[in-house]
Amino acid sequence: MTSKEVRNAFLSFFQNKGHKVVPSAPIVVKNDPTLMFTNAGMNQFKDYFLGNKEAKDVRVVDTQKCLRVSGKHNDLEEVGVDTYHHTMFEMLGNWSFGDYFKEDTIAWAWELLTEVYKLDKNRLYVTVFEGDKTDGVGPDIESENIWKKYIDADRILRCDKQDNFWEMGETGPCGSCSEIHMDLRPQAEVDKLSGKELVNADHPQVIELWNLVFMEFNRKADKSLESLPAKHVDTGMGLERVLRAVHMQHSNYDTDLFMDTIRDLESISGKTFGKNEPTDIAFRVIADHIRALAFCIADGQLPSNTGAGYVLRRILRRAVRYGYSFLDFKEPFLYKIIDKLSLQFEGVFNELPEQKDFVAKVIEQEEISFLRTLFAGLDRLDKSVENANENLINGEEVFELYDTFGFPIDLTQLIAAEKGLTVDMDGFNKALAEQKARSKADAAKETGDWQVLLNDEKEEFVGYDYTDANVRITRYRTLTVKGKEKFQIVFNITPFYAESGGQVGDTGVLVGSENQEKIKVLDTQKENDLIVHVVDLLPDNAKQVFHANINLNKRDNTQKNHSATHLLHAALKEVLGDHVAQKGSLVDPKKMRFDFSHFTKVTDEELHKIEHIVNTKIGESIVLDEKRNVPYDIAINSGVTALFGEKYGDVVRVITFGEDFSKELCGGTHVANTSEIGRFVFMHESSVAAGVRRVEAITGDEAEDYFVKKLDVLKEVETLLGHPKDLVKQVQSLLKENKENTKKLEVLGQAQLGQLKNTLRSKVSAHNEVNVLIEQVEADNAAGIKDVLFQLRNEVDNLFAVLVANINNKPSLSIMISDSLVKDKGWNAGQLIREWAKEVKGGGGGQPFFAQAGGADVSGLPKVLELAKAFV
RNA sequence: GGGGGAUUAGCUCAGUUGGCUAGAGCGUUUGACUGGCAGUCAAGAGGCCACCGGUUCGAAUCCGGUAUUCUCCA
């Protein structure tokens, strides 16, 4: 069976058992502050388990794109070193939301593995939960008994909380689980030692295949457990592993999922896989990482220096590092293997093949920039190597190299070892720990348990139709950020739009119906599908009805920008082409920002065209056509614009401005008629990454103000210049004139200095073979005097010159001594000037041959001249 | 979000503890050698040393702020 066949077999097996096949959620998570990437199949169903939302289908099956870069068994640095951990993987899962439980789950799992995949029963083991006293949960006898129907009792193992109790996070739904493990070792080894001894022992050949989670508890912030209202099943089986099990292979990488890429890499690197361990690790690292990169970028996440984008950057850099060190790639190479990779996912995850050129371009650009930091780091490392003491490279220097210049630590160690040096890793780790502590302290954030006031009602967003409403608080919790306490509250219904789809959250005010108390709503955010309102104090009476009002002005201006974004999107496609796809947007009351895929700079001419189209559409006063409950398939078939990396439900909201112009799936708020937007103006066009351009624009009052202000400035300039026929020409000629005059002034100044120099030269008198010049001069800055002295130095041998000046009632002293005198007589201008500056209540310094000083008292100048004369 | 760097000629970068009137290489312009190109040599142009403020007799250099950018950590 190929990977495609194994995947399909899973989906159709459960489809035949009454499960609905649902698409994978995007791998990059939006609307959940606790998570950057989908790290388990259950993420997209979190709301069902938490009881925030009711499941429409109680039996579901899917394959979910997942990414893990940290966790108890997943350290990025380990991936590729072993043969069975991955960053990106597909999690096959079947789900029951309050429907079937342990009996069916176990029976079907066994049937699929042994009858469809035909795995060898003699190599399978299962585990069940042994119970935990502190949690007050007993052993999972129920599962054990079910298993006994299918498998020998001595193949069933009881395991502890760490292995067989699944938790979503610190808090949230959880429950015991039952795992199926498989022994893939050669028969000779199996004969020597039973696989039973190796289950859960991190043996590379005795691996966990499938985890069946029986969700029945909710872990609260105080660590106690409470029962969930309904019992659920959440199972997860890594496609990469089961595929390997089906073929009894030694490594996940031996399956077609990875071998295609590895063969591709062999042909561009000229190296062979399977020859020696270090290069094999490099092959595996790259074959793994390229998948993570490809899917994240296809889902709209670009490499960057914060958050999820930073994780992506690290993955890419790790791949490049291995390619650089072990496969001799000194130039970008990752982008070359995207093409073949994307073929594997045609018909499964079409977002990748459809965007492969874009993905490759982003990766190539990122590779180029990393290679640049790599080469810069190499230079810097050379210096540290020179400074090494007793064959030990300073840990702090290495940390600086890593921290500030992004040079990978393992590469530093590698290079050091080549030169017979070692790196002071203790010093490095200490510095790293300090930095981690700093960041953690800053990001500290704590949420309390939800306090439930009202249980029976579901929250509903009414903000499309109402901007105010009478609401009740259903629950609230505290939120502590950097020692500051805030509160999050949830209503039964709400007119507040929660930040999503780039549109900022509403703000506003709550007024108590009974005591008239006012609570300000500072922000509105989404946690999955829950709408959370942020306030900084709780009402005295939280149980009363509140009249909720949103800040209308803010909402109005924001939705003008949002609707304009849709017009812009359509106009961009019209002018630039169909390859334009939204890559991100921000809509707030002041402006809009829109990122989209496009490979070259948008020219001024194109911008004008786009601006013109948008403004024409505004002028056409198109009425908003909003359809709320359109089945997804029908919407897509009608040619609506959907975004990659966005999660859509079965029914979607379609926003149309002109049937043949702009049709988008969108949850945001919009103007009722495009004429409300008023006017649309571009402010900026720039690049955010390879293949992604960013435009910024304003609308409505902001645009109006902008024009008024610009016109005012223009009029003022025209008035100042006496209303010339051609303003631009006039300014150009003024600038030119100015430049010429500056040049002329410079020349004049030089001439003046030349004259001063000539006068001074005639005053030079010889004393004992020293040419002495001691004078008070007129000057308006000390730099001029310096200039003259340097010129005299070139013209007069054995010069000893002391010039003093009164510049704006402040004394200035300068001394110039020819090199020969400095050398022969040991004279030192710096020392002399420090001495003499005392006479003018000042100080100064310089070098032996030239020094300057200033001071506060001009009356001391004659005395300085006397001292100077006395000196020679 | 927190820390650390960087910003000097069109490009890549030097510029020691503040003080030899801001440099190199590449590129560019002009000229010479050559039948032409390539090349070599010579000469020149090109800098608010990111911006704003402060310390100082004196700031590219030190301090504070802003902007941009790189990088590490969350």
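Convention: sequence-line order gives letters A, B, ...; per-chain numbering from 1. What you see is a predicted model; the values in this text were computed from it and never measured.
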Between CZ of A/Arg321 and P of B/U71 the distance, given in whole Å, is 14 Å

Notebook entry, point to check: What is the nucleic acid contact for A/Gly830, judged by heavy atoms within less than 4.0 Å: base, sugar-phosphate only, or nothing?
Noted result: nothing

| said: Any side-chain N or O of A/Arg313 below 4.0 angstrom from OP1/OP2 of B/C72? | reply: no

Quiz item: If we ignore angles and hydrogens, is there a donor and acceptor under 3.5 Å between the side chains of A/Thr524 and A/Asp506?
Solution: no

### Query
Would A/Arg68 count as a cation-pi partner of A/Phe37, with NZ or CZ less than 6.0 Å from the six-membered ring centre and within 45° of the ring normal?
no

Paired to B/G64 by Watson-Crick or G-U wobble criteria (both distances under 3.5 Å) is B/C52

Minimum side-chain heavy-atom gap A/Val802-A/Phe800 below 4.5 Å = yes

Tell me which donor-acceptor pairs under 3.5 Å the side chains of residues 827-836 of chain A have, and how far apart each pair is, sequence neighbours excluded?
from, atom 1, to, atom 2, distance (Å)
A/Asn828, OD1, A/Gly830, N, 2.8
A/Asn828, OD1, A/Gln831, N, 3.1

* Asked: Within a radius of less than 6.0 Å around NZ of A/Lys590, do more than 12 heavy atoms belonging to other residues, nucleotides or ligands occur?
  -> no

Under a plain distance cut-off of 3.5 Å, with no hydrogens placed, do A/Ser820 and A/Asn798 share a side-chain donor-acceptor pair? yes

Say we look at B/A59 and B/G54: how far apart would their C1' atoms be, to the nearest angstrom?
11 Å

Looking for any heavy atom pair under 4.0 Å, which part of the strands does A/Arg317 touch: base, sugar-phosphate only, or nothing? sugar-phosphate

Between B/G18 and B/C57, how far apart are the P atoms? Round to whole Å, please. 15 Å

Out of B/G4, B/C20, B/C70, minimum distance to the side chain of A/Thr373 belongs to B/C70

Taking a pair to mean Watson-Crick or G-U wobble geometry with both distances below 3.5 Å, B/C37 pairs with none

Base, sugar-phosphate, or nothing: which does A/Gly842 touch, judged by heavy atoms less than 4.0 Å apart? nothing

_Looking at the base of B/G5, is there any donor atom on it, or on the side chain of A/Asp403, that sits under 3.5 Å from an acceptor on the other one?_
no

4.5 Å side-chain heavy-atom contact, A/Asn394 and A/Asp424: no

If pairing means Watson-Crick or G-U wobble with both distances under 3.5 Å, then the partner of B/A22 is none

When rounded to whole Å, the CG to P distance for the pair A/Leu792 and B/U21 reads 15 Å

query: For atom P, what is the distance between B/G44 and B/A24, given to the nearest Å?
result: 12 Å

- Query: Is A/Arg761 salt-bridged to A/Glu775, cutoff N-O under 4.0 Å?
  - Reply: no

With C1' as the reference atom in both, quote the distance from B/G15 to B/A9 in angstrom, rounded to an integer. 14 Å

Query - Distance between C1' atoms of B/G46 and B/C37 (Å, rounded) - result: 28 Å

Partner of B/A43 under the Watson-Crick or G-U wobble criteria, both distances under 3.5 Å, comes out as B/U29

From CG of A/Leu401 across to P of B/C70 the rounded distance in Å is 18 Å

Atom CG of A/Asn305 and atom C1' of B/G4 are separated, to the nearest Å, by 13 Å

Here the distance between atom P of B/A74 and atom CD of A/Glu434, to the nearest Å, is 15 Å

Using atom P of each nucleotide, how far apart are B/U7 and B/C48 to the nearest Å? 16 Å

What residues 848-864 of chain A contributes to the RNA chain B interface at heavy-atom separation below 4.0 Å is A/Phe849, A/Gln852, A/Ala853, A/Gly854

Notebook entry, point to check: So does A/Lys440 get a side-chain nitrogen or oxygen closer than 4.0 Å to the phosphate oxygens (OP1/OP2) of B/G1?
Noted result: no

Between CD of A/Glu397 and P of B/G5 the distance, given in whole Å, is 14 Å

(request) Tell whether A/Gln435 reaches the base of B/G2 with its side chain through a donor-acceptor pair below 3.5 angstrom. (result) yes

- Query: So, is A/Arg314 near the phosphate of B/U71, with a side-chain N or O under 4.0 Å from OP1 or OP2?
  - Reply: no

- Span that lies between the C1' atom of B/U68 and that of B/A50, in whole angstrom: 8 Å

### Query
Do the charged groups of A/Glu397 and A/Arg380 touch, with an N to O distance under 4.0 Å?
no

Near-ring test A/Tyr324/A/Phe329, centroid separation under 6.0 angstrom: no

Here the distance between atom C1' of B/G3 and atom CZ of A/Phe399, to the nearest Å, is 9 Å

Here the distance between atom P of B/G4 and atom CZ of A/Arg380, to the nearest Å, is 16 Å

_Between B/G58 and B/G5 - C1' atom distance, rounded Å_ = 28 Å

Per atom distances to the A/Arg438 side chain, the nearest of B/U71, B/C20, B/G2 is B/G2

By nearest-nucleotide position on RNA chain B, the 5'-leaning member of A/Glu400 and A/Ala437 is A/Glu400

